[in-house]
There are 2 protein chains.
Amino acid sequence: MIARRGRPPAYDREAALMAIAEAFRLRGYAAASLDEIARAAGMNRPSLFAAFGNKKAMYLAALEDYRRRMERAVSPALEREGPLGDALTGFFDAAVGFYGEGAAPGCLVLCTATAEAPADEEIAAALADTIRGIEAQLTARIAREAADGEVAGLAQLMVSVLIGIAVQARAGVDETALKRFARAGVAAALRQS
Amino acid sequence: MIARRGRPPAYDREAALMAIAEAFRLRGYAAASLDEIARAAGMNRPSLFAAFGNKKAMYLAALEDYRRRMERAVSPALEREGPLGDALTGFFDAAVGFYGEGAAPGCLVLCTATAEAPADEEIAAALADTIRGIEAQLTARIAREAADGEVAGLAQLMVSVLIGIAVQARAGVDETALKRFARAGVAAALRQS
DNA sequence: ATCATTTTGTACCATCTTGCATAAAATTCA
DNA sequence: TGAATTTTATGCAAGATGGTACAAAATGAT
């Protein structure tokens, strides 16, 4: 433990970042005020600024953090050995669970960054990177089992299923329906591959 | 033509509503200011309020109008007689074209209402209704050709492809890639049905 | 021509928002 | 104990925002 001088921070950076992400997820980027965010994080505004920079920097940090947490939540199921269909089903079940956590359902990136993307290059880049990252991970996993010519198409289809889950969770579709839907999608896509 | 008393309006209601929808699509609901909206519509704020009500009423009217225009743009291709695959491909091509129009790509409903849905019941209802409407239309068309047991799953998969197109268009994916992706999705989903 | 009616346009207000300045508080080091 | 350092907390300032009041303008009716 390195002894730092000065008054010690009263907040835990990881917990604060998660609370910030939750605040943005509940209200969207533009509608979330710094007062709300500060209250959610248990900090006051000057501390927020000192720790994370201005509102956009907070949002970009929240997007990045959320993406990492999402990956930690869904990767184990996807990377598990065994039939591709089981891995994909496990992946989507984990995603449904992850998107259902917290005060508001849906994906922070896919449901709030979309609103701001055309007006802000960095947010658009974060959105595009997140989708590309998901597609890359799905592609790598699918390539272990499927025929070469079908990998890209299958991966893109699975990306759409994930996006569909994120958006429909936001629209109020309950978790069991989303899981059933994911299973049907996987079954339809893998039929005779 | 009914002769109305008083000074005649200087705006065309349909054109104004379309401009309002475009303004919201470019910036999202919360970030779009009434000044921007008024400028886009070629009206000033008092006229805007008189014509469409407050900001949320404007947004709900824009969502409804956008949904109608979307339906007009994609229905003909979907309802055309012939192989289901061709109908679906035509539907998605039309959707890609529709989502690519205007100043910002992506779907007004699927890319901006998602941000506000948890904080506003009416917007959430508009989002859910739009998705349900699309699903119903796809279900009806698919039921004309596919086996009973597969209709629902196929329709849900196609809903996801559409949502995936909307979001990925917003993320900057170009139209040819989106159309290719839609074709691959249709092919994968219809294989051996 | 005058009045009633409806829309337009300017200006305005109250509120909220972002971001920061500044002083108090809590800690380490000498 | 006192100086240095870092965080917290109160509060403030500049600007943007949603919404409206009110007078001018443009039309139909009498």
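Protein chains get the first letters and strands the later ones, always in sequence-line order, with residue 1 at the start of each. Just so it is clear, the model here is predicted, and its values are computed rather than measured.
Applying the ring pair (Phe, Tyr, Trp, His ring centres under 6.0 Å) criterion to A:Phe24, with sequence neighbours excluded, gives A:Tyr29, A:Tyr59. For B:Phe49, there are no ring pair (Phe, Tyr, Trp, His ring centres under 6.0 Å) partners at least two apart in sequence or on another chain. Taking the salt bridge (Lys or Arg N to Asp or Glu O under 4.0 Å) definition, one finds that A:Glu22 meets it with A:Arg25, sequence neighbours left out.
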Contact list (N/O, under 3.5 angstrom) for nucleotides 21-26 of chain C vs protein:
from   : atom 1 : to     : atom 2 : distance (Å)
C:dA25 : N3     : A:Arg7 : NH1    : 3.3

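For the segment residues 31-40 of chain A, residues with any heavy atom less than 4.0 angstrom from an atom of DNA chain C are, sorted by number, A:Ala32, A:Ser33, A:Leu34. Near DNA chain C, defined here as any heavy-atom distance below 4.0 Å, the residues from residues 50-60 of chain A are A:Asn54, A:Lys55, listed numerically. Shown for residues 10-28 of chain A: residues whose heavy atoms fall under 4.0 angstrom of DNA chain D, namely A:Ala10, A:Tyr11. Listed in residue order, the members of residues 115-124 of chain B having a heavy atom less than 4.0 Å from DNA chain C come to none.
Set against D:dA9, C:dC29, C:dT7, the side chain of A:Asn44 has D:dA9 as its closest nucleotide.
Residue pairs meeting the side chain to side chain donor-acceptor pair (under 3.5 Å) criterion with at least one partner in residues 78-90 of chain A, sequence neighbours excluded, are A:Glu79-A:Arg144, A:Glu81-A:Arg144. Judged as a salt bridge (Lys or Arg N to Asp or Glu O under 4.0 Å), the pairs with a partner in residues 46-61 of chain A (not counting sequence neighbours) are, in order, A:Lys56-A:Asp120, A:Lys56-A:Glu122. Applying the salt bridge (Lys or Arg N to Asp or Glu O under 4.0 Å) test to residues at least two apart or on different chains, none of the pairs has a partner in residues 151-178 of chain B.
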Exercise answer: donor-acceptor pairs, residues 102-109 of chain B side-chain atoms, under 3.5 Å, sequence neighbours excluded:
none

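Look at CZ on B:Arg5: it is 13 Å from C1' on D:dA26, rounded to the nearest Å.
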